[in-house]
Colleague: 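My questions will all concern the structure given below.
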There are 2 protein chains.
Amino acid sequence: MKDRMTPAVRMTGHTQRGQCAKRMSILDAAADVFCRQGFAGASIDEIAAVACVSRQTIYNHYREKETLFVAVVEDVMNRANAMLFSVLSTFPDRADDLEDELTAFAVRLNKNCICNHDGKFLRKLVQTEGERYPHLFESWRQQGPGKLTTALSALLGRLAHKQALVIDDFDVAARQFVALGNADLQMMILLGATPTDEELEKAARNAVHTFLKAYGKPEVEKAGQPPQLAAISG
Amino acid sequence: MKDRMTPAVRMTGHTQRGQCAKRMSILDAAADVFCRQGFAGASIDEIAAVACVSRQTIYNHYREKETLFVAVVEDVMNRANAMLFSVLSTFPDRADDLEDELTAFAVRLNKNCICNHDGKFLRKLVQTEGERYPHLFESWRQQGPGKLTTALSALLGRLAHKQALVIDDFDVAARQFVALGNADLQMMILLGATPTDEELEKAARNAVHTFLKAYGKPEVEKAGQPPQLAAISG
DNA sequence: GTAAAACTAGACGCCATTGTCTAAAACGTC
DNA sequence: GACGTTTTAGACAATGGCGTCTAGTTTTAC
């Protein structure tokens, strides 16, 4: 009756089919309400209502509001991280159709990691509560977007090694790839709106086009489609 | 005694040296507290304490918390807009030393419009309360960063007309210029940290370097891919 | 089927905050 | 120096949220 709320159980033991469902329902509802109202503005009652759960149940699982908040952030962070690495694993490996491949990758990255629910939640919460919970978001910083540019840097390095790109500083290029990918979506990202597939496609195409003008291989630029001419291509 | 709080007076009339000082002190304190705690988390008492003012004085000037919040947002928006256009007026006009000029401009833009107090405040508040006060932030969207890319687009067009740049879509290029300028600062921007002058300088240099690789005039570019030189510099 | 565990609904005390009110003090102006 | 305005400090009720408790119901396990 007192050690009921061990948060690490989730996938083990015996009595967690109903329990687990409740827990996830609470986490989802809490993420929703925290995201909309912020930590201070969110009320346990509203979370309970959204989760279709008694308020007491929340207090049974998560001792207090702050515990719930931490659990929510960790949950969303884990999901977001898994998705991020899943998307990163689809980074193009060969130089064929590089522009199209990179564009498709940028679309996946934006759609599944940056413009989705979890991305919005994390961005918003890091900004609003990051100063209040430094340890929590330190791990986000080191495992989330930090890992993103690190991993992207390595992947770009692979392409450069294969002579498909010409890059002097891989970290900078990685950050710029991400930044360019978001350039056209900044407003929507800030307001939390969800871009349409067309907008995603167009933003990615603009981004990759410019990225390749800056980092694309100058000489071999074949006639496949030099739409706007790389820097010195004939 | 009852029509004491007309908010439009500020610069006219007779009895507002002390009043005006109080008002500004309250606005500054409220901006600080709202920015740190959000609307729901901010308490009038804390704002009063920071402003070194009685709580009742706040209620005298701004009828209720929401009125104060709206006034703060408008105040910060006006300041930020003035600063933005002041910085935009320093956009380089000639093709000489384009890389250095653009870099210095990017530094000014980041330092005075994006990484400063007002920028942080607006970004944070737009994201947290934008959905709750759509009309307020609609004007921000149309007068702030919206105007930024519009204006930048025109300025880039001027340079392109002078054959210093090769740009097909000015709006896209403007958004990408801003995005590249922020690429290296994303993390700090999100956490609300203030970059040092060296970081600002380096970020701007990386951004402009890549921007010119993509949009710089191609002609004199020699085959060996000059590592640090601008595209059109000797 | 039974017992233990989990869930529900509601009441409760507590505390922080909002917004009002009042009486006294400080201020500025003539 | 007197008067009107502004500011102050504190008391005040009202509200709402947090976290606890209890009693009753449902679900789960064996």
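Since the model is a prediction, treat every value here as computed from it, not as a measurement. Each chain gets a letter, A, B and so on, in the order the sequences are listed, and its residues count up from 1.
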Colleague: If you check every side-chain atom of A/S54, which of C/dT18, C/dA9, D/dG17 has the closest atom?
Modeller: C/dA9
Colleague: So does A/H61 get a side-chain nitrogen or oxygen closer than 4.0 Å to the phosphate oxygens (OP1/OP2) of C/dC7?
Modeller: yes
Colleague: I want to confirm an ordering. Mapping A/S43 and B/Q56 to their closest nucleotides on DNA chain D, which one lands closer to the 5' end?
Modeller: B/Q56
Colleague: In whole angstrom, give the distance that lies between atom OH of B/Y62 and atom P of C/dT18.
Modeller: 16 Å
Colleague: Is the phosphate of D/dT15 approached by B/K65 (side-chain N or O, under 4.0 Å from OP1 or OP2)?
Modeller: no
Colleague: Could you tell me the separation between the CD1 atom of A/I58 and the P atom of C/dC7, rounded to a whole number of Å?
Modeller: 11 Å
Colleague: Determine: side-chain N/O of A/T57 to OP1/OP2 of C/dT8, distance under 4.0 Å, yes or no.
Modeller: yes
Colleague: Can you tell me if A/K22 touches the phosphate of D/dT26, counting only side-chain N or O atoms and a distance under 4.0 Å to OP1 or OP2?
Modeller: no
Colleague: Starting at CD of A/Q37 and ending at P of D/dG17, how long is that distance when rounded to a whole Å?
Modeller: 10 Å
Colleague: Expressed in angstrom and rounded to an integer, what is the separation of B/N60 atom CG from C/dT22 atom C1'?
Modeller: 13 Å
Colleague: Taking only Lys NZ, Arg NE, NH1 and NH2, and the carboxylate oxygens of Asp or Glu, determine whether A/E199 and A/K202 approach each other closer than 4.0 Å.
Modeller: no
Colleague: Could you state the CZ-C1' distance from A/R55 to C/dG10, rounded to the nearest angstrom?
Modeller: 8 Å
Colleague: Looking at A/R205 and A/E201, does any basic side-chain N land under 4.0 Å from a carboxylate oxygen?
Modeller: yes
Colleague: When we call it a touch if two heavy atoms are under 4.0 Å apart, what does B/A48 touch: a base, just sugar-phosphate, or nothing?
Modeller: nothing
Colleague: Ring-plane angle category for B/Y215 and B/F211, please: parallel below 30°, perpendicular beyond 60°, tilted otherwise.
Modeller: tilted
Colleague: Let's see if you can work this out: which of C/dT18, D/dA11, C/dG10 has an atom nearest to the side-chain heavy atoms of B/Y59?
Modeller: C/dT18
Colleague: Expressed in angstrom and rounded to an integer, what is the separation of B/D45 atom CG from C/dA16 atom C1'?
Modeller: 9 Å
Colleague: Could you tell me how far apart B/I26 (CD1) and D/dT8 (P) are, to the nearest whole angstrom?
Modeller: 8 Å
Colleague: Please find out if less than 6.0 Å separates the ring center of A/F121 from that of A/F34.
Modeller: no
Colleague: Please determine if B/R175 and B/D171 form a salt bridge, counting it only when a charged side-chain N lies under 4.0 Å from a carboxylate O.
Modeller: no
Colleague: Let me know the distance between CD1 of B/I44 and P of D/dA9, rounded to the nearest Å.
Modeller: 16 Å
Colleague: Looking for any heavy atom pair under 4.0 Å, which part of the strands does B/A40 touch: base, sugar-phosphate only, or nothing?
Modeller: nothing
Colleague: Just to be sure I understand the rule, does B/E64 reach a base, reach only the sugar-phosphate, or reach nothing, if contact means heavy atoms closer than 4.0 Å?
Modeller: sugar-phosphate
